Protein chains: 2
Amino acid sequence: MARIKEVAAQAKVSVASVSRVMAGHAGVTAATRQRVLDAIKALDYRPDLAARRLRSRRTDTVGLIVSDIRNPFFTEVSRAVEDVAYQNRMRVILCNADEDPEKEALYLDLMQDENVSGVILSPTLPTLARFRPSDYSFPVVLVDRCDRDTAADAVVLDNVDSAYRLTSHLIEQGHRRIAFIYGATSATGRQRHEGYVTAMATHGLETLAKAVPATVEAARNAAGEWISRRSLPDALVASNGLILLGVTEALQAAKLRFPDQIALAGFDDLPWTRLVEPGITVIAQPTYDLGRATIDLLLQRIAQPAQAVRRVVLRGELRERGSSAKRRA
Amino acid sequence: MARIKEVAAQAKVSVASVSRVMAGHAGVTAATRQRVLDAIKALDYRPDLAARRLRSRRTDTVGLIVSDIRNPFFTEVSRAVEDVAYQNRMRVILCNADEDPEKEALYLDLMQDENVSGVILSPTLPTLARFRPSDYSFPVVLVDRCDRDTAADAVVLDNVDSAYRLTSHLIEQGHRRIAFIYGATSATGRQRHEGYVTAMATHGLETLAKAVPATVEAARNAAGEWISRRSLPDALVASNGLILLGVTEALQAAKLRFPDQIALAGFDDLPWTRLVEPGITVIAQPTYDLGRATIDLLLQRIAQPAQAVRRVVLRGELRERGSSAKRRA
DNA sequence: CTGTTAGCGCCTTCAC
DNA sequence: GTGAAGGCGCTAACAG
């Protein structure tokens, strides 16, 4: 492995010039520049990143702390982050916090140790509650989850609105007893719950909601309990894709047909929601765009640490399908 | 941020002793050891990783180059890798090659620059064909995809066998004209195709196979073309979860009911395969275990670079569901 | 415009 | 058992 010294020797210049050429720094003759470039190519020189990072005190690395990598929403966000980051010569360190606040804290610590240039985080509720950007030596951009008053860059869906629209749609379809199952570990679940509550209240309807851990199993069990009661709701709404899956499984296990016996709707336009007859009505999230907006925001923040805190809100799109069809009066 | 010097000063010892204590090195008095530990705690000292890496010439970082992060198979593998890696004080750099050989090459290069301790790779066919472990300065463990004669550590499913069993199952159910749609970009698709061919040959049946890019869209189109022909096959088999999804969508678009009009089966026990009535028969892959075996192998290889090349083969499990049900003779 | 040089923070011989 | 000192490979400040 060639070192910068050898490149300098080969090009008959000083190491400083080599460094300057690599940095794309101005103030180098075209001639020396070329000699350096030739030497680099001739020796197949690749700068030592560890040395560079030690000296320059920057890592060009971003940490991606995702709350549940199995959730397709986050894998798509990760894909966007990965794409854009590498296009900008940044590395991505992947961390999966598994909806566990302790793991989140651990990973944030790790990021400190790694001296990353920035972090993307989708915090659980406890972490979000404690979250102060100033606690960290690196910029943090929140994705998917943040409170109204969180003083940090964030990219989120219009959760309240989307849930409001989804619920209103069900009401318009003639459903009245609409139940809402939502993730208890995230601000997102809460906000969607809020949108649901508002929509119900607007129409003078009683709410019927349950918070569950954001897993397929928990949702399946919760929905199962509801189903086994004597009085079935008219409709069930799930606050995200994982929960929607659990609910759908429970309905199927109980041999309940939608929309005939019960209507169904939820968040996240996963491929299978079209496959399950007659299709499930959902709010589609622009997942890739959310991810891209997040890493864009982070890169900008890294470049300009002092710029004003920003919040990007993307709109969810209602996709009506058979599962929410009109109730026969 | 405290430095090792300050810790040394605070503990009234030399930096060497601090370093020794941190390394858990023997030959330090319990007394000094305690003083150092106290100082570290008092100053909240955290060693600078960039400096340590420069000095020690090791990064304790593994690269994870996944061929398609949107494929749930790989997200589950990633989860396992992530889990185990961090438990072993290793970082994970995530790369998504998107089934693109050029990106794979790019990322492998990057891993070289990063001086990673090791790499996990699920190569496309072209990359696999060229692959020589000795081309890299770090150990590489292949996951999901490798040839019989690839001289590298690898963790894979028993692809040929599983496909053989799946196909045989369909034959036993009375299906005869069984078509196979498989991913053209991976050794895995090929091997599953081989198992299919063998099973068909064993029973003296003609094969009917098509290779497609490993995406939902490509599979949907391919299946669509097949379906629109005059003579429908008895059954369709998809070589992985993405392709199975595309095929299922095509069948649904054509309003074909399974198993009545056509039987269906595939690889990857994704949640939705149970949801689509009457359930799709699949080979379930032990995805998490595959990932864990892979990172385990890599960590062992890092610890003992000279050990013999190993191959771990995990067995796929046939899960019979309605979609492959007996053909009415 | 180019070269010399002083570290970045840590580990690790080497003396004592 | 402990400390002093050199150097990992690079960047950047300073001279020239």
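Per chain, numbering begins at 1; letters A, B, ... match sequence-line order. Given the structure is predicted, the values throughout are model-derived calculations rather than measurements. For the numbers below, each heavy atom of this structure counts, side chains included, while hydrogens, waters and symmetry mates do not.
Between the NZ atom of B/Lys12 and the C1' atom of D/dT2 there is a distance of 16 Å, given to the nearest Å. Distance, B/Asp48 CG to D/dG9 P: 17 Å, rounded to whole Å. D/dG9 atom P lies 13 Å from atom CG of A/Leu49, rounded to whole Å. Rounded to a whole Å, the CD1 atom of B/Ile4 is 14 Å from the C1' atom of D/dA4. Per the geometry, CZ belonging to B/Arg57 stands 16 Å off P belonging to C/dC10, to the nearest Å. We find that CZ of B/Arg52 is positioned 18 Å from P of D/dG9, with the value rounded to whole Å. Regarding B/Arg35, its CZ atom lies at a distance of 15 Å from the P atom of D/dG1, rounded to whole Å. D/dC14 atom P lies 14 Å from atom NE2 of A/His25, rounded to whole Å.
Under 4.0 angstrom from either OP1 or OP2 of D/dG1 there lies no side-chain N or O belonging to B/Ser17. Regarding contacts with the backbone of C/dG9, every side-chain N or O of B/Arg55 stays at 4.0 angstrom or more from both OP1 and OP2. The shortest distance between the side-chain N/O atoms of B/Arg53 and the OP1/OP2 oxygens of C/dC10 is not below 4.0 Å. Contact check, A/Thr32 against C/dT2: a side-chain N or O comes under 4.0 Å of OP1 or OP2. Contact check, B/Tyr45 against C/dC10: a side-chain N or O comes under 4.0 Å of OP1 or OP2.
At a threshold of 4.0 angstrom between heavy atoms, the contacts of B/Met22 are confined to the sugar-phosphate backbone, with no base atom among them. As judged by a 4.0 angstrom heavy-atom cut-off over every strand, A/Thr29 is placed among residues touching the sugar-phosphate backbone only.
At a threshold of 4.0 Å, the pair B/Glu99-B/Arg145 counts as salt-bridged, since one of the basic side-chain nitrogens sits closer than that to a carboxylate oxygen. A salt bridge is absent between B/Arg310 and B/Asp153; no separation between the charged side-chain nitrogens and carboxylate oxygens falls under 4.0 Å. Between B/Asp38 and B/Arg35 there is no salt bridge, since none of the side-chain N atoms of the basic residue sits less than 4.0 Å from a carboxylate O of the acidic one. For the pair A/Arg53 and B/Glu114, the salt-bridge criterion is met [side-chain N within less than 4.0 Å of a carboxylate O]. Using a 4.0 Å cut-off between charged side-chain N and carboxylate O, B/Asp98 and A/Arg79 make a salt bridge.
With DNA chain D read from its 5' end, the first of the two nearest nucleotides for B/Leu54 and B/Val13 is the one closest to B/Val13.
Donor-acceptor pairing under 3.5 Å, judged by distance alone, is present between the side chain of B/Arg20 and the base of D/dG3.
Distance from the side chain of B/Ala16 is smallest for C/dT12 among the nucleotides D/dC10, C/dT12, C/dT4. Looking at the side chain of A/Val15, the nearest of the listed nucleotides D/dT11, D/dC8, D/dC10 is D/dT11.
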